[in-house]
Engineer: 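First the structure, then my questions, so here it is.
By convention in this document, chain letters (A, B, ...) are assigned in the order of the sequence lines, proteins followed by strands, and residues within each chain are numbered from 1.
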2 protein chains.
Amino acid sequence: MPTSASTPPVCVLGLGLIGGSLLRAAVAAGREAWGYNRSSEPVEAARADGFDASTDLPATLRRAAECDALVVVAVPVPAVGAVLTAVAEHAPHVALTDVVSVKSQVAALVAAHGLSARFVGGHPMAGTAESGWSAGFAELFRDAVWVVTVDDGTDPDVWTQVADLALDCGSVVVPAESGEHDAAVARVSHLPHLLAEALALSGAAGGDLALGLAAGSFRDGTRVAGTTPTLVDAMCEGNAPALLTALDETLEVLRVAREQLADGSTAELTAAGHAARRRFEQRNRRPVTGVVPGDEDWLARLREAGRRGEVWTR
Amino acid sequence: MPTSASTPPVCVLGLGLIGGSLLRAAVAAGREAWGYNRSSEPVEAARADGFDASTDLPATLRRAAECDALVVVAVPVPAVGAVLTAVAEHAPHVALTDVVSVKSQVAALVAAHGLSARFVGGHPMAGTAESGWSAGFAELFRDAVWVVTVDDGTDPDVWTQVADLALDCGSVVVPAESGEHDAAVARVSHLPHLLAEALALSGAAGGDLALGLAAGSFRDGTRVAGTTPTLVDAMCEGNAPALLTALDETLEVLRVAREQLADGSTAELTAAGHAARRRFEQRNRRPVTGVVPGDEDWLARLREAGRRGEVWTR
């Protein structure tokens, strides 16, 4: 099937919640797409649902190389290295992206496998409490933020392919350098988990009386402590350097607040925190304008646009 | 109107959100009830809505004394002292309760005004982001937890009157000693605000990129940072000793977690936090059984029941 430069076929490696949803979304968007999974159960389930899937990684990758497909790494972090080894062997020149959380970690693995030239990192910030092929659905990415990395040396054609795939899936594309992405998600995705766990512990330390008096503020503040611990560990430990920075800043904010409370006032913390929450509520997503991938300074200009909260549109 | 011992008329001092809702709820439950407010606007609004209200505090209290009404202090903390002064002058022997948050603070003021003998503290854990008479409604307390204090020396008849008022308003009654209540709400109501403010600050420190990547965990974790800062200050500063204890514990939990994360693992924190959240989710409210107010050890037994998460029913 002939495809335009920016809408090549899509080859999804890993058919869990994210990869399985991506395969569905790509097909729903009219893209040619197929998937691979190491274990056979998701592959059989995908086939039963009418999708093109295989447990044969070399064959899957050779097909991707022949079609110049966009290959999407959608396996859990511990499996990324093995998958990249296979890519380097069977499809070393394909356009490559991923949907794994921590971007500098994946970029380092890609570089170690000699695959950086046509790699662009991705992170669709979507998910549910469920996992596996059966939990996936094509609309998972609708209106989600999908970060597409703009690190030095990024190939503009591959960047456009990855951004187009994200847009095809209904997402909002935010350009960000890998390290800046990791620092940002440490603040807004990983730190919230640590604070929720700590708050849950404080409530439980108050016994059944305290838990019985807990209402909306405790319920909301501890909601993500309901996430399976191993999933939280994988997120937090994978982004440890950036998360330590964010946590240290927050410990200092709370230490200062503690001294001010001991002196009788929380006014400085609550005024600043309220203003920060208002800024979050009032954020808006202006489109990036005037940047063409491949033009001079396009990467620096996309980074700056992402820092301003702007989003890439077609 | 003749009333039974436990359903005397209700006199509400202060017609803001809580007091105004309480006046409506008492009337809706078939109780004789009237209210007072210092400023005339809420009084006029209450009258226009068909309620019995006055700006004359001495007359309101003399009426309460004549009817042996249950008097409910529902003014903001800074006004409690002045209202108690008037109670001591015009109705020194009425049954007295309050609906103000921090219970040891109010109990100390009541003692300073010589009114402890027929005082039982109360705290309906209900509210909205709105305030004032116009924001109130009779159903505000439906299914909310209403703490009724069981401090040493509590009069069993007054205790029953206060618990019956809470039940008439549709609330769930939890018996707790004032200091234990304050320690519990520090953990589950006040600490959540401080952590939400700190999390909001961490997100904003990441700029528009971080705020643009923020999703559910950040939104939920910072929700109560949207509360008006002066309201949060009043809650936290009024309960400073208990909140400092809870905050110091949490700072230590986070400090230990920080060291473990630096060593590569968050598993201890996430396992414990997840178990704590599950305990919160799975709490249930068994009724207190076998305790009659006034019987031997009734206060100690109600305290123990409250610590077990049990609730008082009629």
Engineer: Side chain, backbone, both or neither: which part of R285(B) has an atom under 4.5 Å from a heavy atom of chain A?
Structural biologist: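 Only the side chain of R285(B) comes within 4.5 Å of chain A.
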Engineer: Is the backbone of R219(B) close enough, under 3.5 Å, to the side chain of R277(A) for a donor and an acceptor to pair up by distance?
Structural biologist: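 It does hold such a pair.
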Engineer: Hey, what do you get for CG (L194(B)) to CG (L199(A)), rounding to the nearest 0.5 Å?
Structural biologist: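 It is 10.5 Å, given to the nearest 0.5 Å.
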Engineer: Between R308(B), R255(B), E249(B), who has the most heavy-atom pairs with chain A when the cutoff is under 4.5 Å?
Structural biologist: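 Winner by heavy-atom pair count: R308(B).
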Engineer: Top residue by heavy-atom pair count (under 4.5 Å) with chain B, among A198(A), A257(A), G221(A)?
Structural biologist: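 Of the options given, most contacts go to A198(A).
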Engineer: Taking 4.0 angstrom as the limit, do R142(B) and E139(B) come out as a salt bridge?
Structural biologist: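 Answer for the salt bridge query: yes.
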Engineer: Please determine, among V232(B), V311(B), L195(B), the option with the most heavy-atom pairs under 4.5 Å with chain A.
Structural biologist: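 The option with the most such pairs is L195(B).
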Engineer: Could you measure the distance from the CD1 atom of I18(A) to the CG atom of D98(A)? Nearest 0.5 Å is fine.
Structural biologist: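 One gets 11.5 Å once the value is rounded to the nearest 0.5 Å.
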Engineer: Under 3.5 Å, is there a donor-acceptor pair between the side chain of R307(A) and the main chain of L209(B)?
Structural biologist: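 Absent.
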Engineer: If you count heavy-atom pairs under 4.5 Å between each of A205(B), P241(B), S189(B) and chain A, which one has the most?
Structural biologist: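 The answer is A205(B).
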Engineer: Could you go through the ring pair (Phe, Tyr, Trp, His ring centres under 6.0 Å) check for W159(B) and W312(B) one step at a time?
Structural biologist: CA-CA 11 Å; W159(B) 195 88; W312(B) 176 259; 5.0 Å; yes
Engineer: Is R279(A) paired with D208(B) through a side-chain N to carboxylate O contact shorter than 4.0 Å?
Structural biologist: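 Between R279(A) and D208(B) there is a salt bridge, with a charged N closer than 4.0 Å to a carboxylate O.
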Engineer: Could you state the interatomic distance from OG (S131(A)) to CG (L231(A)), rounded to the nearest 0.5 Å?
Structural biologist: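 That separation rounds to 7.0 Å.
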Engineer: Looking at chain B, which one of A215(A), A246(A), A183(A), A262(A) has the largest number of heavy-atom pairs inside 4.5 Å, strictly under?
Structural biologist: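 Between A215(A), A246(A), A183(A), A262(A), the count favours A262(A).
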Engineer: When heavy-atom pairs shorter than 4.5 Å are enumerated against chain B, which of V174(A), V224(A), D248(A) gives the highest number?
Structural biologist: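 Max contact count across the listed options: D248(A).
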Engineer: Between T230(A), L244(A), T250(A), which has the largest tally of heavy atom pairs under 4.5 Å with chain B?
Structural biologist: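 It is L244(A).
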Engineer: Which one wins on heavy-atom pair count under 4.5 Å against chain A: E180(B), M125(B), E197(B)?
Structural biologist: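 Between E180(B), M125(B), E197(B), the count favours E197(B).
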Engineer: Tell me if a side-chain donor or acceptor on T154(B) pairs with a main-chain N or O of V150(B) at a distance below 3.5 Å.
Structural biologist: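 No; zero donor-acceptor contacts below 3.5 Å.
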Engineer: Shorter than 4.5 Å, heavy atoms on both sides: which option in G216(A), A186(A), S265(A), A305(A) has the most such pairs with chain B?
Structural biologist: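 Most heavy-atom pairs within the cutoff with chain B belong to S265(A).
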Engineer: Using non-hydrogen atoms only, which part of V147(B) is less than 4.5 Å away from chain A: side chain, backbone, both, or neither?
Structural biologist: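 For V147(B), side-chain heavy atoms alone lie under 4.5 Å from chain A.
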Engineer: So which part of R278(A) gets closer than 4.5 Å to some heavy atom of chain B, the side chain, the backbone, both or neither?
Structural biologist: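 Neither the backbone nor the side chain of R278(A) comes within 4.5 Å of chain B.
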Engineer: Tell me whether R303(B) is salt-bridged to D152(B), with the criterion being a basic N under 4.0 Å from an acidic carboxylate O.
Structural biologist: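 Counted as a salt bridge, because a side-chain N and a carboxylate O are separated by less than 4.0 Å.
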Engineer: Do the ring planes of H123(B) and H181(B) sit parallel (below 30°), tilted (30 to 60°) or perpendicular (above 60°)?
Structural biologist: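 Judged by the thresholds at 30° and 60°, the geometry between H123(B) and H181(B) is perpendicular.
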Engineer: Does any heavy atom of chain A fall under 4.5 Å from the side chain of A272(B), the backbone, both, or neither of them?
Structural biologist: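 For A272(B), backbone and side chain are both near chain A.
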Engineer: Taking every non-hydrogen pair under 4.5 Å, which of V253(B), L201(B), V172(B), T227(B) racks up the most with chain A?
Structural biologist: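 Winner by heavy-atom pair count: L201(B).
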Engineer: Give the member of G203(B), A184(B), P192(B) that has the highest number of heavy-atom pairs under 4.5 Å with chain A.
Structural biologist: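 Of the options given, most contacts go to P192(B).
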Engineer: Using heavy-atom distances under 4.5 Å, tell me whether A275(B) contacts chain A through its side chain, its backbone, both, or neither.
Structural biologist: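 Neither the backbone nor the side chain of A275(B) comes within 4.5 Å of chain A.
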Engineer: Let me know if L247(A) has heavy atoms under 4.5 Å from chain B in its side chain, its backbone, both or neither.
Structural biologist: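 Side chain only.
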Engineer: I'd like to know which of L251(A), V145(A), L261(A), N284(A) tops the heavy-atom pair count under 4.5 Å against chain B.
Structural biologist: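 Max contact count across the listed options: L261(A).
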